[in-house]
Amino acid sequence: MSLKFFNTRTRETEPFEPIEPGKVGLYTCGPTVYHFAHIGNLRTYLFEDLLRRALSMAGYKVKHVMNITDVGHLTSDADEGEDKMEAGAAREGRDVWEIAGFYAKAFQEDLKALRVMPPTLWCKATDHIPEQVELVRTLWDKGFAYAAEDGVYYDVSRFPRYGDFARKDLQGQEAGARVALPGGKRNREDFALWKFSPRDKRRLMEWDSPWGRGFPGWHLECSAMSLKYLGDHFDIHCGGVDHIPVHHTNEIAQTEAATGRSPWVNVWMHGEFLVVDKGKMSKSSGEFLTLSAVVEKGYSPLDYRYLCLGAHYRAPLAFRFESLDQARAGRRNLMEKLKGLDQVRALPVAEAKKLPSWTRFWECVEDDLNAPRALAQVWELAKDRDMDPAQKAGLLKLMDHCLGLDLLLPEPEKEQAPLSPAEQDLLDGRAAAKAARDFARADALRRELESRGILLKDTPQGTQWSRKR
RNA sequence: GGUGGCGUACCCAAGUGGUCUAAGGGGACGGUCUGCAAAACCGUUAUUCAUGGGUUCAAAUCCCAUCGCCACCUCCA
């Protein structure tokens, strides 16, 4: 058995082989912290978390690096618009640094709520300015960079493999372009390595460089930081599918040009989008749903995690509240079936891994992280009423390590507001009516209670009540 | 306009040449239980995979056409 992943670089599903036995270097593109993450963004981090967990469970020691981009991400790839961070600050009338800190923290809290394991190492773009300047210098010295009006640019024509990763047909695109390139750019695809600060305006985030005062271009931080922490050849690099044509293409171009080494990264993996109605969720289109908004509507972050696990990471997932309702119902039903197993002394991991049920589960995970099928295996197990509880608990513990749904950690019962005197009267009245076998009256009282949000359940131990969730 | 992808039951969704008369979940319906319910349990719910052709001993899976939808080529996970 071995892990197989779909590699964007080769467009094939291949057995995973680490560069160094037993170890994996993993870089996942983190957020630009100019706004809250929406649940579409978060889907990608959930996919990466599944990958991370699968690698760990396969026995690899994973060094996982994730960036926080807090500077240099422009509102347009044409390198025209503003820096998103500065734009975010202007929008909210706050300091850029404040904005960065605030949204980075919010992001990390979202991940925590979703049970996404934190990376081995977080790194911030603004903490690595010298490394980025150094990288520009290397590219400059090697002749891959040139100065234009508003910054230092990467010359894609110097890197023949430029379009390969995204399978872009540059010839075709250039032929159709016919637009004058602004500001002295040599090629349409050239991107900024270093942007100069505007003459008339003082930025809060700017640094000196040999080419002029300014700030690093987006793309650069991921190259500089992954080079620093994972080296010029590492195992896996992830992100959303949207990163294939621009961000990752540019990262590869600048990194491989600088190091002269290819491939820089063996396996590239990309998560598909969460789509809303007929389109993707995006920060600009107004369809913007944060995790906290979902929680405020009464869902658990794990309901969303469960929803995402129900679809393969490489397939678009249609989001609707109806789907989320279904996920919530499914997760609750599953938890209900597993109730009490947390009290059981579970079979040790080594033993549980020998059971066929585990093998079936793990085969799904190994097959390019097929979470939907893995989840189906969890259900098969949960429904098995003949299995020894110790085995069952051991297996579920293992599976949950992989899925991160806290299956054996029941959510604390919500504090229920005690019955009001009026409600208590109704309850007592029904009990009396029931005892007198006046069922019509008993049912009427139950309906009355239900309309107040109280559900009754008659058990051999008497009537239990609960407030509607 | 160019490029890539998708279309599986009421809903979400797996499966990408034979084990598929298509996994799993949600929902619905029927049954057991109950005074009746709820919960639980049992069962039912696609001979069919957008449509029409074709290739093959064999197709949801490959090819072609048609229709519908989406993404990228502006920013985006």
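By convention in this document, chain letters (A, B, ...) are assigned in the order of the sequence lines, proteins followed by strands, and residues within each chain are numbered from 1.
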Between [X] and [Y], is the ring centre distance below 6.0 Å?
{"X": "A:Trp264", "Y": "A:Phe234", "answer": "yes"}
{"X": "A:His128", "Y": "A:Tyr229", "answer": "yes"}
{"X": "A:Phe36", "Y": "A:Tyr103", "answer": "yes"}

Interatomic distance, A:Arg332 CZ vs B:G25 C1' [rounded to whole Å]: 15 Å

Can you tell me how far P of B:C73 sits from CD of A:Glu189, to the nearest Å? 10 Å

Both atom distances under 3.5 Å, Watson-Crick or G-U wobble: I'd like the secondary structure of RNA chain B as a dot-bracket string, with | for pairs made across strands. ((((((((.[[[..)..(.....]]]((((((.......))))))....[[[[[..)....]]]]])))))))....

Which part of the nucleic acid, if any, lies within contact of [X], taking any heavy atom under 4.0 Å across all strands shown: a base, the sugar-phosphate backbone alone, or nothing?
{"X": "A:Tyr306", "value": "sugar-phosphate"}
{"X": "A:Glu380", "value": "sugar-phosphate"}
{"X": "A:Gly40", "value": "base"}
{"X": "A:His243", "value": "sugar-phosphate"}

Summary of protein contacts for nucleotides 27-46 of chain B, nucleotide by nucleotide, where a base hit scores B, a sugar-phosphate-only hit scores S (4.0 Å, heavy atoms): --------BBBB--S-----

Taking protein heavy atoms under 4.0 Å as touching, what does nucleotides 13-20 of chain B look like 5' to 3' if B marks base contact, S marks sugar-phosphate-only contact and - marks none? SSS-----

Ring pair (Phe, Tyr, Trp, His ring centres under 6.0 Å) filter on A:Phe439, not counting sequence neighbours, yields none

Which residues pass the ring pair (Phe, Tyr, Trp, His ring centres under 6.0 Å) test with A:Tyr304, not counting sequence neighbours? none

If the plane angle is over 60° it's perpendicular, under 30° parallel, otherwise tilted; pick one for A:Trp268 and A:His237. parallel

Out of A:Arg328, A:Gln326, A:Arg331, which residue meets the side chain to side chain donor-acceptor pair (under 3.5 Å) rule with A:Asp303? A:Arg331

State which residues pass side chain to side chain contact (heavy atoms under 4.5 Å, CB included) with A:Ser157; sequence neighbours excluded, sorted by chain then number. A:Asp155, A:Asn187

Per atom distances to the A:Arg320 side chain, the nearest of B:C75, B:C12, B:U74 is B:C12

